[in-house]
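Everything below concerns the one structure shown next.
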Amino acid sequence: MKLQRSPLQLTLFYLLFAALWILLSDSLLIWLGLDGPLQVALEILKGLVFVTITAALLYFSLNQYQHEQRRVQLHLQRNEERLAQAMDAAQEGMWDWDLKSARVFFSHRYCDMLGYTPEEFGDSQQVWRDHLHPDDRDLAIQRLEALLGERQPYYENIFRLRHRDGSYRWLHSRGQLLLDEEGRPSRFIGTSSDITQRRADEDSLRQAAAVFDSTQEGVLVTDNTRRIVHVNPAFSRITGFSAEEVLGKEPNLFKSGRHDTAFYQTLWHALDQRGSWSGEIWNRRKSGEVFPMWQCIRSIHDERGKLSHYVAVFSDISALKRSQRELDFLAHHDPLTTLPNRLLFSERIEQALQRAGRDKLRGALLLFDLDHFKIVNESLGHNIGDQLLKMIGERLAQCLAPQLTLARLGGDEFGLLSDDCASAEQASLLAQLLLDELALPFMIDGQPLFISASIGISLFPEDGDSVEQLMRNADSALFRAKSSGRQTFAFYSQDMTAIAQQRVRLESELRQALEMDQLRVHYQPIHRLDDRRMIGVEALIRWQHPQRGLVAPGEFIPIAEDSGLIGAIDAWILEHACSQMQAWRAEGSDLEFIAVNVSSRLFGRGDLGLRVEQVLRETGLDPACLELEVTESAVMDDPEHAQVILTQLRELGVRLAIDDFGTGYSSLARLKRLPVHKLKLDQSFVQGLPDDHEDAAIARAVITLGQSLGLRVLAEGIEEESQAIFLRGLGCNLGQGYWFGRPQPAEQLMSSRSTV
């Protein structure tokens, strides 16, 4: 039986019982009328019974109270344990701030979240303030003060507290403000949970969402039944489909039809076995356009390992495909003319050789260079040169059969491949077609421009069975065509290989000749035509080879020009010629001048004037006794530069002559401004005199031009008296050639000097 009475009720019950006991017991004793000792004994017995009964009632009441207290305490303890377990399970720490004592109770879990024990963390509200993150401190304290000032019943806030290890933990706090009877804050109690990881996860999710929405790659998510559940903006931009148009549908909506069933079976097999697949796939946009994309698909499983979603990330590689095609085109084609380049041309030759060997076919390889293209480039500008190259490529591509391969190999060098050329005659016709087409004028900026070419031909399989051999042999034939006067073609023959080897050997030996003093200077006399008196000589280079004897200049001068040795040779002959002329003058010779040829390479250098000045100073020769001969083509290569160089030489006092006049493309407007003394009529116009009417007309025109400009005219290559007489009749001043005398060493020339 439990007493469900309050202390007041128990006290009133006790007073009632005691009063009734006293009244009733006393009334009974009076009624009995007992006397003396018996009454005293009964009085004592009555008191003892009263004490015994009240003691029993007190014991019963206290025992019941104690039992109830134990039961309440046990219930409270169990509740506290449940609360602690629940808070631990919820990762919650508790705090209880007694506002009157200013003490704060921080639970073990609360302190543990920050790496402290309750004893280490303390029980003051200031310790909480000190652990706040600097960026959160002001706002957190303002929120707390506002809570206390406005007496808001509920509180919630998120802030960072410093952990014992120095890092910060995000805490989510929720609490309640308790008021006393007078309505003043008395306690502030609540819980806090560590949400650091949740905040990190939320940040990651926000970042992932931002990436998902802003990435340039399209993203498509399906459920395990392959129904589309989510797409990002890039998906719509790439495919043209909006999210509303594809949600709930299957990705086969985008099939292009370019892949067979086996392709998709392989894809799904990879997803089932490895959980991912990546590769190139062609899909269809909303517009119907089929486009390539690179796609990565991954299967997603839930925490139980069950397939939940598929995620596909893809990028449109149409631009990349176009760039690859463009790069491939640029790698195999010339960007200016769009013709195949050397790499693709070599691949075509290799394929042609394989077909020729397999099918017993014959073919031809033609290499051709444009003649004097450098003059076009330097006189008219590289832009005009580029236009000309482009127009050449277009014209030849139109006139040639489609099965032929026309290529630009670099600069002004082109190649033509015919993998079905049965005979040399057929190759000749092909070469002549090229020459005929190039002979037609090219109209650039309304002006006609003429160009020619030299062509070298090698036939296969007889002239070579490899790309390198065929190209090398065609190049040898091209050199022969150039040496034959240009504007023609030549076939490769076996002796060309020997000639090419000889050229390499001669170049090496020529370098040694400069070092070992094997070069010689021979002098050819120059005579006046009116009285045939020798008034000067031309210094000509010769090579005294230790085994071969005297090597003709026509054999080694082209090699010297190609190898760059001609500049050193020119400098050498200039020094020796000036020294020899000074020696003759010291001996009392009446020669007026010595002529020295200046190559285009030496003339193109900016230090020619300084070099000539130095040689004249070292040899002591009077500048008026030196005549420098510059070819017409060298002058016209860069007329402005030539004007400057010739002016510098004229200021030194040397004579100047234009050699091979009539073979180039001189501008009369420029010619009249050049500070020269003499024109040399090329021997090609002298050989046919006096019978060849065309040569006679050219000779007459050149001589008349020279006279009009106040220049002396010298005719080269006079071998007959009739030629000398004819030229003298035209008014030509000077002449040289075998009729007057061959080039000779200095000592032989002076010993045999005579007037013809």
message = With rounding to the nearest 0.5 angstrom, report the CD1 to CZ distance, Ile141 to Arg129.
response = 4.5 Å
ask   = Say you draw a straight line from CE of Met391 to CD1 of Ile444; how long is it, rounded to the nearest 0.5 Å?
value = 5.0 Å
request  = Evaluate the salt bridge (Lys or Arg N to Asp or Glu O under 4.0 Å) criterion for residues Arg103 and Asp98: first the C-alpha distance (whole Å), next the side-chain angles of each, then the deciding distance (0.1 Å), finally the verdict.
outcome  = CA-CA 5 Å; Arg103 311 305 297 177; Asp98 187 341; over 6 Å; no
message = Would you say the ring centers of His131 and Tyr116 fall short of 6.0 Å from each other?
response = yes
Output field: ring centroids Phe254/Phe235 closer than 6.0 Å = yes
message = Other residues, nucleotides and ligands only: do more than 12 of their heavy atoms fall within 6.0 Å of NE2 on His133?
response = yes
ask   = Near Arg298 CZ, under 6.0 Å, is it more than 12 heavy atoms from other residues, nucleotides or ligands?
value = no
request  = Walk me through it: do Trp95 and Ser192 pass the test side-chain hydrogen bond (donor to acceptor under 3.5 Å, both in side chains)?
outcome  = CA-CA 8 Å; Trp95 40 268; Ser192 295; 3.0 Å; yes
inquiry  = Taking the basic N atoms (NZ, or NE/NH1/NH2) and the acidic carboxylate oxygens, is any pair closer than 4.0 Å for Arg184 and Asp180?
reply    = yes
key: Side-chain ion pair, Arg143 and Glu156, N-O less than 4.0 Å   = no
request  = Could you walk me through whether Leu365 and Leu416 pass the side chain to side chain contact (heavy atoms under 4.5 Å, CB included) test, one step at a time?
outcome  = CA-CA 6 Å; Leu365 172 63; Leu416 182 64; over 6 Å; no
message = Can you confirm whether Leu406 sits close enough to Pro340 that some side-chain heavy atom of one is under 4.5 Å from a side-chain heavy atom of the other?
response = no
ask   = Does some side-chain heavy atom of Leu367 sit less than 4.5 Å from a side-chain heavy atom of Glu413?
value = yes
query = Are the side chain of Glu120 and the backbone of Thr117 linked by a donor-acceptor contact shorter than 3.5 Å?
reply = yes
note = Test salt bridge (charged side-chain N to carboxylate O under 4.0 Å, His left out), reference Asp419, set Arg355, Arg348, Arg358, output is Arg355
